[in-house]
Every structure is written in structure tokens, then in C-alpha cells.
Amino acid sequence: MTAGVRAAILGRRSVGRVAPDPLPRALVAELIDAAVHAPNHHLTHPWRFVALAGDARRAVGEAHARAVARMRPGHPPAGLEKEAARLERAPVVIACAVAGAPGDPVRAREDRDAVAAGVQNLLLAAHARGLAAIWRTGAMADEPEVRAALGLGEHDALVGMVYVGRPLDGAPPPPPARPHVDAVTDWRGW
Ligand SMILES: Cc1cc2nc3c(=O)[nH]c(=O)nc-3n(C[C@H](O)[C@H](O)[C@H](O)COP(=O)(O)O)c2cc1C
């Protein structure tokens, strides 16, 4: 592994708080281009991205707030406003979805894996560009209101919402502890 690749992989962190300054579209396109270079069995090109900025974040956030209101009747209006503003925590939110492969469970699994690998590429590309990002999912990923707002089809699935922005001043969060290689590897024939 080159020092640069190692530094990118080990230096990347999930960062939730970022500056509100908008990002150039070309920069976001570069991140998505990194994603579509992930491994992809049979080159099915299963990824679908919705790159949200400005008011488009609000529209999806309001769809999420409608889902919360449906699931939790009586949720206070202030709480719903907070839900509606969720996507405004970063200037750019990239919804990363996998196109459905109905009737082909092997392809569906492999396609989703390819999109997940693409998300990691995207995160590493963002880090290499000096940006801060976080992969979020949670209940939002399955809410029909959010899926409709993103234009997902019946068989499509939302793999992650990647929030991206420029980092705020200050040290990045410390790396979370990870297991030693030997704790997760069954070495055979070495
Ligand atoms: C599939 C997936 C979903 C995630 N969803 C969330 C989320 O909803 N909220 C969140 O704060 N972090 C989320 N994360 C980020 C993880 O919490 C984060 O990667 C983990 O804490 C390790 O930190 P690091 O990325 O800085 O190494 C998600 C990560 C993955 C892979």
C-alpha cells in the first residue's frame, strides 16, 4: 500500500459537523466519479445518486418530517421542524442508492455491495480533497416519503446519505478503536 493510500484510509473520519459553505458542483461530481469506479460484478452500474444542495435538501428533509409525523402522531411541531432540517447539517447531501434487480437475489446482493464500495470510494475521495463527510442511514433510508422524494423505484434501495462539507476548525475526532487484524482473521496455510 502506498503511503498516500494508507494515509487516506486511516486518516478518514466520520465528521458530522461541517461548515455551511456551498461546494462547487464539479467537486461533488469528482466524488461521485470516484464512487462509480468501485468494483462492480458484471459492470451492472447499479448506483444512483441524488446530489442535494440548497433548497433541495429541505424538500427531502420535509419528506422525512412527514414520515416522522405519520409514525409518531403527536410529535411536537418543534420536533418535526428539527427533523425537516436534518439534511441542512451539511451544504451537500449525496443520496447513494442501488437500482433494484427484482428476481435476481445474487445480483441484488452484489449490486448493493458495489454501491457500498462506491460510498467508501466517495468518502475517501472527499477526505483526499480536504472535505469532511459522514455516511448516515437510520430510519430515513426506508421511509416511503423519503424514497418518493428521491425518486427511488419500488425495488431500489437507499444505501446511504453522505453529508459533505468543508471541515470546521479544530482537530478531527480521534479514531475509534478498531480490532487487531489477528482478532478478525483466521490465518490458514501461512
Ligand atoms: C452503513 C453505515 C451507516 C451509518 N449510519 C450512520 C448514521 O446514521 N449516523 C451516524 O452518525 N453515523 C453513521 N455511520 C458512520 C459510523 O458511525 C462510523 O463509520 C463509525 O462510527 C466509525 O467512525 P469512522 O467512520 O470515523 O471510522 C454509518 C456507517 C455505515 C457504514
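Every value quoted in this text rests on a predicted model; they were computed, and no experiment measured them. Whatever order the structure lists ligands and atoms in, that order sets their numbers, starting from 1.
At distances below 3.5 Å, at least one donor-acceptor pair connects side-chain atoms of His37 with backbone N or O atoms of Asp33. Of the possible donor and acceptor atoms, one in the side chain of His180 sits under 3.5 Å from a partner among the backbone N and O of Asp182. A donor-acceptor pair is defined here as one N or O able to donate and one able to accept, closer than 3.5 Å; such a pair exists between the side chain of Trp135 and the backbone of Val159. Side chain of Arg57 to backbone of Gly54: a donor-acceptor contact under 3.5 angstrom is found.
The closest protein non-hydrogen atom to atom 24 (P) of ligand 1 is Ser14 OG, 3.5 Å. Of the protein's non-hydrogen atoms, the one nearest atom 6 (C) of ligand 1 is Trp135 O, 3.1 Å.
Only side-chain heavy atoms of Ile134 come within less than 4.0 Å of ligand 1; its backbone N, CA, C and O stay farther off.
Salt bridge status for Glu62 with Arg66: absent, with no side-chain N to carboxylate O gap under 4.0 Å. Salt-bridge formation is not detected for the pair Glu110/Arg107: no Lys NZ or Arg NE/NH1/NH2 atom is positioned less than 4.0 Å from an Asp or Glu carboxylate oxygen.
Counting the atoms of ligand 1 from 1 in the order shown, those under 4.0 Å from a heavy atom of Thr137 are 3 (C), 4 (C), 5 (N), 6 (C), 7 (C), 8 (O). Heavy-atom contacts of Arg12 reach the following atoms of ligand 1: 24 (P), 25 (O), 27 (O) (cutoff under 4.0 Å). Atoms of ligand 1 lying under 4.0 Å from at least one heavy atom of Arg178, given by number and element, are 22 (C), 23 (O), 24 (P), 27 (O).
Remark: atom 17 (O) of ligand 1 lies closer than 4.0 Å to no protein heavy atom.
Under a 4.0 Å heavy-atom criterion, Pro176 is in contact with ligand 1.
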